[in-house]
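The chain is numbered in sequence order, starting from 1. Hydrogens, waters and symmetry mates play no part in the numbers below; they use all other heavy atoms, side chains included.
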Amino acid sequence: MYDNPEPLVTLATLAGATRRIRLQTEVLLAPLRQTPLLAKQAATLAQLSGNRFTLGIGVGGREDDHAAAGTDLKRRGRILDEQMDLVHRLWSGEPHSDSAGPIGPAVRPEILFGGFRPAAIDRVGRWGDGFLAAGPLEYVETTFGLARNSWQEHGRPGEPRLIGQLNTAIGPDAVADGARAEMIRYYGDANFANAVVTTPAALRSQLARLESLGADEAILYCWSPDPAQVNHLADLLP
C-alpha cells in the first residue's frame with residue numbers, strides 16, 4: 001500500500017540494464033504473494049541475471065497490506081514458513097504436489113531474512129543464507145547475535161551473511177526533511193524518521209559501527225528521490 005514500483009518487475013528491468021551489480025529485494029513481503037508464482041519469479045530473476053539476485057524476505061506488519069492481499073495478518077509468520085518449505089522444494093526441482101509436477105526454473109536465489117523478533121530471525125538458520133538488520137544500530141548487536149545462534153542451532157556450516165541497512169539522505173536540510181517526510185508517509189510513525197543519516201560524519205560513524213559488529217556488508221537505503229544521491233554517497237565511501 002505504497003506508490004513504489006513493484007520490486008520484482010523493477011529488478012528485472014535493472015537486470016537487463018546492468019551486468020555487474022547485485023539485485024536485491026529489501027524486503028519482499030512473501031505472505032502477500034502466491035507461493036508457486038513467487039518461486040518461479042524469483043528463480044527466473046536469479047537465472048536471467050546470472051545469479052546476481054538476492055531475495056530479501058519479510059512478513060510485513062501493515063494491516064492495510066494484508067487487507068489488500070486478502071491474507072491473515074495474524075498468520076503471516078506461519079504462512080511464510082509454509083511458503084519456505086514449498087519454494088525450497090520447487091527450487092530443487094521437486095514436484096509441487098501429487099496433482100502438479102515441478103515448476104521451473106530449478107534455480108535457488110540467495111535468501112536473506114529481515115525481522116526483529118526471535119521467531120522471525122530463527123528462519124535464517126532454517127531457510128536462509130543470511131540476515132538483514134534494518135533497525136536502529138542499538139538493536140543490531142542483538143539481532144546479529146540471534147542470527148548467529150540460529151545458524152549454529154540448525155547445524156549450518158560456516159557463518160550467516162550479515163547485512164546492515166542504514167537509512168540515508170545526505171545533503172542540506174531540504175534533502176533531509178524530504179527524506180524524513182517520505183519515511184513518515186510510509187511508516188506512519190514519526191519515530192522512524194529520526195533514524196535517517198543525514199551527514200557524512202554520521203554516515204562514516206555508523207558504517208564503522210556496523211563493521212565492528214561483524215557486518216559483512218552495509219546497504220544504504222536512500223529515502224531521497226534525487227538520483228544524484230547515488231554518486232554523492234559513493235563519493236563519501238572509502
(request) Only pairs at least two apart or in different chains count here, so list each side-chain hydrogen bond (donor to acceptor under 3.5 Å, both in side chains) that has a residue in residues 92-115. (result) T54-E110, S97-S99, R108-D129, E110-R161
(message) Given the ring of F131, does R148 sit roughly above its face, with NZ or CZ under 6.0 Å from the centre of the six-membered ring and within 45° of the axis?
(response) no
For [X] and [Y], which I'm curious about, is there any donor-acceptor pair between the side chains at under 3.5 Å?
{"X": "D226", "Y": "H232", "result": "no"}
{"X": "R156", "Y": "S150", "result": "no"}
{"X": "T35", "Y": "Q83", "result": "yes"}
{"X": "E182", "Y": "Y187", "result": "no"}

Measure the [atom1]-[atom2] distance between [X] and [Y] for me, rounded to the nearest 0.5 Å.
{"X": "L14", "Y": "S49", "atom1": "CG", "atom2": "OG", "result": "11.0 Å"}
{"X": "D173", "Y": "T198", "atom1": "CG", "atom2": "OG1", "result": "8.0 Å"}
{"X": "L38", "Y": "L55", "atom1": "CG", "atom2": "CG", "result": "6.0 Å"}
{"X": "H154", "Y": "R126", "atom1": "NE2", "atom2": "CZ", "result": "6.0 Å"}
{"X": "N167", "Y": "R180", "atom1": "CG", "atom2": "CZ", "result": "11.5 Å"}
{"X": "Q41", "Y": "L28", "atom1": "CD", "atom2": "CG", "result": "8.5 Å"}

Examine [X] and [Y] and state if one hydrophobic cluster contains both, with Ile, Leu, Val, Met, Phe, Trp and Tyr joined whenever side-chain heavy atoms are less than 4.5 Å apart.
{"X": "L162", "Y": "Y139", "answer": "no"}
{"X": "V87", "Y": "I79", "answer": "no"}
{"X": "L29", "Y": "I121", "answer": "no"}
{"X": "I111", "Y": "V124", "answer": "yes"}
{"X": "I219", "Y": "F53", "answer": "no"}

(request) With L220 as reference, evaluate L236, L233, V230 under the side-chain contact (heavy atoms from CB on, under 4.5 Å) test and give the passing residue. (result) L233
Determine whether a donor-acceptor pair (N or O, by modelled atom type, separation under 3.5 Å) exists between the side chain of [X] and the backbone of [Y].
{"X": "T13", "Y": "V9", "result": "yes"}
{"X": "K40", "Y": "G104", "result": "yes"}
{"X": "S212", "Y": "R209", "result": "yes"}
{"X": "T25", "Y": "G56", "result": "yes"}
{"X": "R89", "Y": "L86", "result": "no"}
{"X": "W91", "Y": "A39", "result": "yes"}
{"X": "E141", "Y": "L213", "result": "no"}
{"X": "W151", "Y": "P157", "result": "yes"}
{"X": "T18", "Y": "I21", "result": "no"}

Which heavy atom of [X] sits nearest a heavy atom of [Y], and at what distance?
{"X": "V107", "Y": "A46", "result": "CG1-CB, 4.0 Å"}
{"X": "A30", "Y": "I57", "result": "CB-CG2, 3.9 Å"}
{"X": "G61", "Y": "R76", "result": "CA-NE, 4.3 Å"}
{"X": "P31", "Y": "H66", "result": "CB-CE1, 4.4 Å"}
{"X": "A133", "Y": "T143", "result": "CB-OG1, 4.0 Å"}
{"X": "P95", "Y": "A100", "result": "CB-O, 3.7 Å"}

Any side-chain heavy-atom pair from [X] and [Y] closer than 4.5 angstrom?
{"X": "T44", "Y": "P105", "answer": "yes"}
{"X": "D122", "Y": "F113", "answer": "no"}
{"X": "Q165", "Y": "V140", "answer": "no"}
{"X": "T71", "Y": "L32", "answer": "yes"}
{"X": "T199", "Y": "I170", "answer": "no"}
{"X": "E26", "Y": "L132", "answer": "yes"}

(request) Go through the steps to decide whether T168 and L203 satisfy the test side-chain contact (heavy atoms from CB on, under 4.5 Å), and finish with yes or no. (result) CA-CA 8 Å; T168 65; L203 176 62; 4.1 Å; yes
(message) Evaluate L45 against L8 for side-chain contact (heavy atoms from CB on, under 4.5 Å), listing each step before the verdict.
(response) CA-CA 8 Å; L45 188 47; L8 295 179; 4.1 Å; yes
(message) Suppose we screen for side chain to side chain donor-acceptor pair (under 3.5 Å). Which residues come up paired with E82, at least two apart in sequence or across chains?
(response) R75
(request) Report the C-alpha distance between L207 and L237 in whole Å, list the side-chain angles of each, state the deciding distance to 0.1 Å, and finish with yes or no for side-chain contact (heavy atoms from CB on, under 4.5 Å). (result) CA-CA 9 Å; L207 286 172; L237 300 179; 3.4 Å; yes
(request) Would you mind checking if D72 and R78 are paired as a salt bridge, meaning a charged N to carboxylate O distance below 4.0 Å? (result) no
(message) Is it the case that over 12 heavy atoms from other parts of the model lie below 6.0 angstrom from the CD atom of E217?
(response) yes
(message) Tell me whether the count of non-hydrogen atoms from other residues, nucleotides or ligands lying under 6.0 Å of CD in E63 goes above 12.
(response) no
(request) Name the orientation class of the two ring planes belonging to Y2 and Y186 (parallel below 30°, tilted from 30 to 60°, perpendicular beyond 60°). (result) perpendicular
